[in-house]
Amino acid sequence: MSSEPLPTAEDPADSTRPRALLTGLSGQDGSFLAELLLQKGYEVAALVHGEQGRSLGCAEHLRERVLLLAGDLLDLQSLRAGVREFEPREIYHLAAPSFIPDSWLAPEQTLRAIVSSSAALLEGALEARSETRLFIAASGAMFGRAPGPQSEDTPCHPTTPYAIAKLAAHQLVGVLRERHGLYACSGIVFNHESERRPERFVTRRITRAAAAISLGLRDELTLGDLGAIRDWSFAGDIVRGAWMMLQQEQAVDYVLASGVAHTVEQFAQAAFGCVGLEAERYLRVDGTLRRPNEDTVSVGDPTRARTRLGWEPELSFQELVARMVTADLQDLQRGDRP
């Protein structure tokens with residue numbers, strides 16, 4: 001993303017500046033989106049859980065540049081109140097329990113956090129001024145075992161509570177858009193990564209391990225399934241696509257993905273290659289770490305976004321992996337834990 005100075009939250013109010021409200025500020029998507037919107041001259045507010053003094057995660061550097069409003073995915077009144085208070089022109093709903101294995105541990109809470117929060121923000125947009133536009137992050141996971149590449153018209157066969165919830169939110173967007181003429185759309189996003197991705201995700205585990213092994217801080221990396229196939233893009237490219245979706249004349253759902261498949265092993269080879277190592281020498285496979293449905297091929301078809309929006313990923317797969325490895329090397333050289 002651009003390194004140009006960003007406006008601050010203390011700047012004088014300007015009625016000509018567009019207003020955007022987002023959820024998920026503390027995650028990789030929310031932080032990249034907030035940066036993008038600020039660079040475009042938006043007034044930006046974020047619904048955040050808990051006290052404003054708590055860590056903003058990836059977006060801590062934006063604390064003085066974004067208006068923080070109390071909002072909890074499980075407190076629907078707080079979400080609607082945030083819309084009423086800020087009166088945004090655009091709403092970006094990015095927050096969700098995103099670590100899919102956790103959805104098996106708390107399916108009811110996963111459904112409420114994803115579906116009910118989406119419904120509350122849709123209601124808030126309906127109650128607000130008519131020009132309010134809403135983006136909701138759906139997921140390529142909702143296609144399940146449907147053959148890929150998967151487009152906006154691919155039938156969905158979700159196989160996890162997380163995917164079921166994302167599909168329900170996506171369908172709710174469609175029916176409310178059709179019934180009320182609401183400008184609301186789903187971004188059907190596939191796997192997207194960055195150096196801001198938490199370390200419990202396999203991509204960040206890989207880049208962190210490659211960096212640590214190259215510095216002599218670790219000896220090996222254990223993974224569950226080297227053959228799992230995914231479509232990985234840069235998170236900054238995905239949120240740029242989200243912004244582009246809300247600038248169109250009509251609200252339309254789009255798949256946001258690279259359209260290129262890679263295996264976990266290929267990701268590891270790219271990561272270790274960035275530090276001059278052969279991944280095979282350091283990888284260990286533990287079948288007990290393999291998740292159910294890991295054999296599902298998840299690859300998006302971004303044709304509609306490419307032809308209608310003019311959206312293309314700017315960062316290639318190799319550049320994405322190199323960016324993540326470089327960031328992990330810098331962290332470890334500063335003394336962070338391996």
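Hydrogens, waters and symmetry mates play no part in the numbers below; they use all other heavy atoms, side chains included.
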I need the minimum non-hydrogen distance between [X] and [Y], along with the two atoms involved.
X      : Y      : answer
Ser118 : His93  : OG-CD2, 3.4 Å
Ser194 : Phe234 : CB-CE1, 3.9 Å
Ala146 : Thr154 : CB-CG2, 3.6 Å
Ala268 : Ala279 : O-CB, 3.8 Å
Leu38  : Val66  : CD1-CG2, 4.2 Å
Asp29  : Val239 : O-CG1, 3.4 Å

Hey, does the side chain of [X] reach the backbone of [Y] with a donor-acceptor pair shorter than 3.5 angstrom?
X      : Y      : result
Arg19  : Glu87  : no
Arg17  : Gly41  : yes
Ser258 : Asp231 : no
Arg240 : Glu312 : yes
Glu60  : Leu56  : yes
Asp301 : Pro149 : no

Same apolar cluster: [X] and [Y], side chain cutoff 4.5 Å:
X      : Y      : answer
Val260 : Val321 : no
Met244 : Phe190 : no
Leu167 : Tyr162 : no
Tyr183 : Leu37  : yes
Leu111 : Leu74  : no

Check: [Y] and [X] side chains under 4.5 Å, non-hydrogen atoms:
X      : Y      : result
Asp225 : Val264 : no
Gln247 : Leu309 : no
Leu172 : Leu122 : yes
Lys166 : Ile114 : yes
Glu127 : Val83  : no
Asp253 : Arg177 : yes
Leu68  : Leu25  : yes
Leu223 : Glu265 : no

Is [X] atom [atom1] crowded by more than 12 heavy atoms from other residues, nucleotides or ligands, each under 6.0 Å away?
X      : atom1 : result
Arg281 : CZ    : no
Gln250 : CD    : no
Gln333 : CD    : yes
Asp219 : CG    : no

Regarding [X] and [Y], is there a side-chain donor-to-acceptor distance under 3.5 Å anywhere?
X      : Y      : value
Gln269 : Glu280 : yes
Ser151 : Asp153 : no
Ser31  : Arg196 : yes

For a side-chain contact (heavy atoms from CB on, under 4.5 Å) check, start with the C-alpha distance between Phe32 and Ile238, then their side-chain angles and the critical distance, and finish with the verdict. CA-CA 9 Å; Phe32 281 123; Ile238 295 297; over 6 Å; no
Which residues pass the salt bridge (Lys or Arg N to Asp or Glu O under 4.0 Å) test with Arg133, not counting sequence neighbours? none
Could you pull out all residues at least two apart from Glu220 that satisfy salt bridge (Lys or Arg N to Asp or Glu O under 4.0 Å)? Arg284
Quick one: do Arg89 and Glu131 make a salt bridge, cutoff under 4.0 Å? no
Basic-acidic side-chain contact under 4.0 Å: Glu108, Arg112: yes
Phe135 vs Leu22, side-chain contact (heavy atoms from CB on, under 4.5 Å): CA-CA, chis, key distance, verdict: CA-CA 9 Å; Phe135 170 92; Leu22 61 91; over 6 Å; no
Candidates Thr23, Asp75, Asp72 - the one meeting side-chain hydrogen bond (donor to acceptor under 3.5 Å, both in side chains) with His49: Asp72
Could you tell me the separation between the [atom1] atom of [X] and the [atom2] atom of [Y], rounded to the nearest 0.5 Å?
X      : Y      : atom1 : atom2 : answer
Glu152 : His170 : CD    : NE2   : 9.0 Å
Phe272 : Leu283 : CZ    : CG    : 5.5 Å
Thr203 : Glu195 : OG1   : CD    : 11.0 Å
Leu76  : Ser117 : CG    : OG    : 7.5 Å
Leu226 : Gln266 : CG    : CD    : 11.0 Å
Leu329 : Ser214 : CG    : OG    : 4.5 Å

Quick one: do Arg80 and Glu123 satisfy salt bridge (charged side-chain N to carboxylate O under 4.0 Å, His left out)? Show the steps, please. CA-CA 7 Å; Arg80 288 191 286 264; Glu123 289 177 10; 2.9 Å; yes
Look at the aromatic rings of Phe317 and Phe267 and report parallel, tilted or perpendicular, splitting at 30° and 60°. perpendicular
Check Arg208, Arg218, Arg197, Arg205 against Asp328 for a salt bridge (charged side-chain N to carboxylate O under 4.0 Å, His left out) and give me the one that passes. Arg208
Can you list the steps and then say if Thr110 with Thr160 is a side-chain contact (heavy atoms from CB on, under 4.5 Å)? CA-CA 10 Å; Thr110 298; Thr160 67; over 6 Å; no
Mind checking what makes side-chain hydrogen bond (donor to acceptor under 3.5 Å, both in side chains) contact with Trp243, not counting sequence neighbours? Tyr42
With side-chain contact (heavy atoms from CB on, under 4.5 Å) as the test, pick out the partner of Leu256 among His192, Met245, Arg304. Met245
Is there a side-chain contact (heavy atoms from CB on, under 4.5 Å) between Arg65 and Val44? Walk through the geometry before answering. CA-CA 8 Å; Arg65 300 163 180 169; Val44 180; over 6 Å; no
